[in-house]
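One structure below.
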Amino acid sequence: MIHLGILLSAILALLAAPLAAQPEFPELTGRVVDSAEIIPAQLEAQLIGQLRELETNTQRQLVVATVPSLQGYEITDFGYQLGRAWELGDAQRNDGVLLLVAPNDRKVRIDVGYGLEGILTDAFSKQIIERDILPRFRDGDMPAGIAAGAAALVTHLKLPEEEARAVIEEQKRGSSTSLWLVPLILLSPGIFIFGVFMLAKISGADRTTYYKGVRRQWSVSVHSPSTSSSSSWSSSSSSSSSSSSSFSGGGGSFGGGGASGSW
């Protein structure tokens, strides 16, 4: 009986351990919660104004948050639990969104409430992270990445639902087309060389001259310069206040929808 009691105690302790080891979340003090202290005051005021306007026009809540540590959690788990703890979005519509940055862990995540998963899909969230946020983070400009990511989310969330869904469908078609283009692009040099070789053979052209020409064309194609662009966040002034003491979540919930990235 003693051994059985010890065993039952051990089982109960194991079951209780995950419940006890909950992350410590920062307090929801406003539409921007910069616990990691990486957002300049001017940009914070600018973001608050954008997010307030979004909520006024659409009733959708988007919060930008930074944390100094994920406390050993994966950002996927930390993010959706934080969104639940803050209850972002309306209780019926579940239309909250969280842009979470953990600079010391070099992680970023977009978490999406249940009600928006159809118009802010995992793939589209990933596109925003890869296209708008990570390139700026890798350049060492975290404020610019946060500003660009928030702007992309606000632009999409402002769209009427039918337009937002059309954007998602267009992205899906583009992704599908890209998958078909990859093998075609990889094979095209070989197809081109084979075709020119056959024409040269049929016309009796000198093969040595042909190969030199192909090599010259290939060298020009491979070593042609490419252009790149960079941008930085606008430092335009804003009259918005940097905090909102009356701001709170609306009872919304999250189920893990969204996307993550690292740099």
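Pairs of residues two or more places apart, or lying in two chains, never qualify as ring pair (Phe, Tyr, Trp, His ring centres under 6.0 Å) while including a residue from residues 82-109. Residues in residues 94-108 take part in these side-chain hydrogen bond (donor to acceptor under 3.5 Å, both in side chains) pairs, two or more places apart or across chains: Arg93-Asp95. Evaluation of the ring pair (Phe, Tyr, Trp, His ring centres under 6.0 Å) test over residues 120-145, restricted to residues two or more places apart or in two chains, returns Phe124-His156, Phe137-Trp263. Pairs of residues two or more places apart, or lying in two chains, never qualify as salt bridge (charged side-chain N to carboxylate O under 4.0 Å, His left out) while including a residue from residues 62-73. Within the structure, every pair that satisfies the salt bridge (charged side-chain N to carboxylate O under 4.0 Å, His left out) test and touches residues 111-122, not counting sequence neighbours, is listed here: Arg109-Asp111.
Using a distance-only test at 3.5 Å, with no hydrogens or angles considered, no donor-acceptor pair links the side chain of Asp141 to the main chain of Gly145. Checking side-chain atoms of Gln71 against main-chain N and O of Glu24 turns up a donor-acceptor pair under 3.5 Å.
With sequence neighbours excluded, no residue forms a salt bridge (Lys or Arg N to Asp or Glu O under 4.0 Å) with Glu37. Partners of Ser248 by side chain to side chain contact (heavy atoms under 4.5 Å, CB included), not counting sequence neighbours: none found. Remark: Ala123 pairs with Thr121, Gln171 by the side chain to side chain contact (heavy atoms under 4.5 Å, CB included) rule, at least two apart or across chains. Not counting sequence neighbours, the partners of Tyr114 by the side-chain hydrogen bond (donor to acceptor under 3.5 Å, both in side chains) test are Arg84. Every residue meeting the salt bridge (Lys or Arg N to Asp or Glu O under 4.0 Å) condition with Glu161, not counting sequence neighbours, appears here in chain and number order: Arg165. For the side-chain hydrogen bond (donor to acceptor under 3.5 Å, both in side chains) test, residues two or more places apart in sequence or in another chain that qualify with Glu55 are Arg31, Gln61. Under the salt bridge (Lys or Arg N to Asp or Glu O under 4.0 Å) criterion, Glu74 pairs with no residue at all, not counting sequence neighbours.
Taking CZ from Arg60 and CG from Leu116, the interatomic distance works out to 5.5 Å, rounded to the nearest 0.5 Å. Once rounded to the nearest 0.5 Å, the distance linking CG of Leu134 with CD1 of Ile129 reads 6.5 Å.
Between Arg52 and Phe247, the closest side-chain pair of non-hydrogen atoms is not below 4.5 Å.
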